[in-house]
J.: 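One structure coming up, written as structure tokens, with questions to follow.
Below, chains carry the letters A, B, ... as their sequence lines are ordered, and counting in each starts from 1. Fair warning: this is a prediction, and the values are worked out from it, not measured in the lab.
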2 protein chains.
Amino acid sequence: MPSMESNTDTQQRILDSARELIYARSYADVGVAAICEHAGVKKGSFYHFFPSKRDLTLSMLDAVYADLKETLVMKAFAEDIPPLARLDRFGQLAAEFQQQMHQSTGVVLGCPFGNLSNELATQDETIRIRIEQIFTNLQVVIRKVLREAVDEGEIKNLNIEATAQAMLAYFEGVMLLAKSQNNTKILSQLMPAMSQIRINTI
Amino acid sequence: MPSMESNTDTQQRILDSARELIYARSYADVGVAAICEHAGVKKGSFYHFFPSKRDLTLSMLDAVYADLKETLVMKAFAEDIPPLARLDRFGQLAAEFQQQMHQSTGVVLGCPFGNLSNELATQDETIRIRIEQIFTNLQVVIRKVLREAVDEGEIKNLNIEATAQAMLAYFEGVMLLAKSQNNTKILSQLMPAMSQIRINTI
DNA sequence: ATTATAGTTGACCGGTCGGTAAAGTCAACT
DNA sequence: AGTTGACTTTACCGACCGGTCAACTATAAT
């Protein structure tokens with residue numbers, strides 16, 4: 001007598017398990033069987049909902065970004081403080097999240113998008129493009145806050161597009177370094193410098 | 001009739017093949033068999049020289065760093081120009097190398113250490129530590145140049161250790177972003193900002 | 001010439017990989 | 001009651017994974 005109490009929360013459990021396992025390890029190290037076992041689902045069900053491991057990964061990326069947007073981004077970029085202070089708050093919240101994950105897992109996990117990009121960007125163009133789009137979306141958020149800072153006269157002669165890219169790059173780099181050192185202290189030490197980066201016009 | 005013309009250039013060919021293949025793809029995607037085939041070596045010979053794939057990877061990391069030091073670092077940080085200009089030269093040379101690899105392989109490969117760190121840091125502590133050491137060595141080089149700039153009065157009130165870490169983080173982040181976009185243009189656009197990063201004391 | 005050693009070869013191992021197929025089970029609709 | 005279709009279960013597939021082993025060959029020292 002199979003459970004079948006739930007219509008599509010099986011799909012959700014697969015998504016959640018993939019997210020948790022792949023984030024903690026890597027795409028290649030986490031097999032479909034491991035995802036199914038963690039989700040309490042048989043492999044046949046997996047392939048009923050997802051045509052392939054790659055498709056699951058694409059859906060997972062969308063889900064992680066949707067979650068990031070809802071929780072981290074919306075909270076950090078709320079307009080209750082000055083524009084550049086929102087960038088600092090974004091860095092702080094990200095650092096706090098990494099510290100929590102470090103406490104519960106014993107390792108610094110870094111950025112889920114940066115991790116997958118470095119592992120798969122040269123192997124799977126579709127996944128690479130999905131990650132690229134996510135990074136672009138984040139840059140748009142940063143650009144908006146920079147434009148606001150420029151309009152308020154807080155900064156002058158700023159190349160907004162380049163600076164947004166540079167800030168995101170710095171953010172990803174700090175995450176990567178923290179992961180390579182398995183150390184979250186450098187997050188709180190280095191993150192505040194993100195909002196100070198400037199690439200000027202002329 | 002086996003060749004056996006060479007004593008230990010078999011070992012070198014294995015090292016070179018691993019380096020080329022893993023850099024272009026990933027640790028997990030490149031099997032021992034693929035490395036052997038590329039090196040023109042049988043699997044048994046592989047395990048005569050290396051006890052495991054992991055050990056090969058550790059040796060490979062050392063070889064890549066030794067090469068980086070000999071070519072890129074020594075050239076970039078030669079003392080024929082002012083200290084901060086050497087950082088810019090390092091960024092330029094790295095960008096040029098990425099452009100060459102992009103032309104020959106069709107994809108932006110990024111930093112070999114950053115790639116492996118993001119893929120394996122949570123799975124293999126030994127490899128993680130080796131990469132951490134390499135990053136520390138690079139920071140030492142950057143610190144030296146920053147100390148020189150401070151001594152010459154080019155900068156004041158600088159937190160040298162934190163700034164060196166921030167510059168390396170920025171460098172790695174720019175590499176990661178370029179790889180995720182499969183685009184080398186952002187390298188030349190963003191790299192010059194590396195030498196402008198400052199984390200001050202007080 | 002014999003022996004010791006380093007290096008090579010090819011066949012092989014159990015385990016796991018992503019993915020498939022068919023039978024079975026449930027809920028909803030007719 | 002019978003049918004449909006979504007979902008689950010079980011068993012299975014060929015390919016490949018990292019790694020092993022014993023036999024073999026070349027080289028150099030004795």
J.: Between P on D/dG18 and CD on B/Glu37, what's the gap in Å once rounded to a whole number?
T.: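 Atom-to-atom, B/Glu37 to D/dG18, this comes out as 13 Å.
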
J.: So, under a plain 3.5 Å distance rule, would you say the side chain of B/Lys43 forms a donor-acceptor pair with the base of D/dG19?
T.: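 Counting by modelled atom types and ignoring angles, a donor-acceptor contact under 3.5 Å is found here.
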
J.: So B/Gly44, base contact, sugar-phosphate only, or nothing? Heavy-atom distance under 4.0 Å.
T.: base

J.: Report the residue (A/Arg54 or B/Phe46) whose heavy-atom-nearest nucleotide on DNA chain C is the more 5′ of the two.
T.: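 In this pair, the answer is B/Phe46.
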
J.: Whole angstroms only, please: what is the CG-P distance between B/Leu56 and D/dC17?
T.: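 In whole Å, D/dC17 P lies 15 Å from B/Leu56 CG.
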
J.: Roughly, in whole Å, what's the span from CD in B/Gln12 to P in C/dG7?
T.: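 Between P of C/dG7 and CD of B/Gln12: 14 Å.
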
J.: Between A/Lys53 (NZ) and C/dT20 (P), how many Å, whole number?
T.: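 Whole-Å distance recorded here is 15 Å.
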
J.: Measuring to OP1 and OP2 of D/dG19, would you say a side-chain N or O of B/Tyr47 lies under 4.0 angstrom away?
T.: yes

J.: What is the distance, rounded to the nearest whole Å, between atom CG of A/Asp29 and atom P of D/dC16?
T.: 20 Å

J.: Under a 3.5 Å cutoff, is there a donor and acceptor pairing between the side chains of A/Asn115 and A/Glu119?
T.: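 Judged by distance alone, the side chains do not pair up.
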
J.: Regarding A/Asp88 and A/Ser195, do their side chains bring together a donor and an acceptor under 3.5 Å, going by distance alone?
T.: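 Indeed, the side chains of A/Asp88 and A/Ser195 share at least one donor-acceptor pair under 3.5 Å.
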
J.: In terms of ring plane angle, is the pair A/Phe113 and A/Tyr65 parallel, tilted or perpendicular, where the classes change at 30° and 60°?
T.: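 Perpendicular, since the angle between the ring planes exceeds 60°.
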
J.: Between the side chains of A/Ser52 and A/Asp55, does any donor sit under 3.5 Å from an acceptor?
T.: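 The criterion, which ignores hydrogens and geometry beyond distance, is satisfied for A/Asp55 and A/Ser52.
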
J.: Could you work out which one of C/dT9, C/dA6, C/dC17 sits closest to the side chain of B/His48?
T.: C/dA6

J.: Partner of C/dT30 by Watson-Crick or G-U wobble geometry, both contacts under 3.5 Å, or none?
T.: D/dA1

J.: Write down the distance between CG (B/Asp9) and C1' (D/dT27), rounded to a whole number of angstrom.
T.: 16 Å

J.: May I ask you to say whether B/Asp9 pairs ionically with B/Arg13, meaning some side-chain N is under 4.0 Å from a carboxylate O?
T.: yes

J.: Any idea which of D/dG19, D/dC17, C/dG18 is nearest the A/Val32 side chain?
T.: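 Nearest to the side-chain atoms of A/Val32, counting from C-beta on, is C/dG18.
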
J.: For a quick test of reading the model: is some side-chain N or O of B/Thr10 closer than 4.0 Å to OP1 or OP2 of C/dG7?
T.: no

J.: Send over the distance from B/Gln11 CD to C/dG7 P, rounded to a whole Å.
T.: 8 Å

J.: C/dG10, C/dT8, D/dC17: which one has an atom nearest the side-chain heavy atoms of B/Lys42?
T.: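 For the B/Lys42 side chain, the nearest candidate turns out to be C/dG10.
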
J.: Can you measure A/Phe49 atom CZ to C/dG18 atom C1' for me and round it to whole angstrom units?
T.: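 A/Phe49 atom CZ is separated from C/dG18 atom C1' by 19 Å.
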
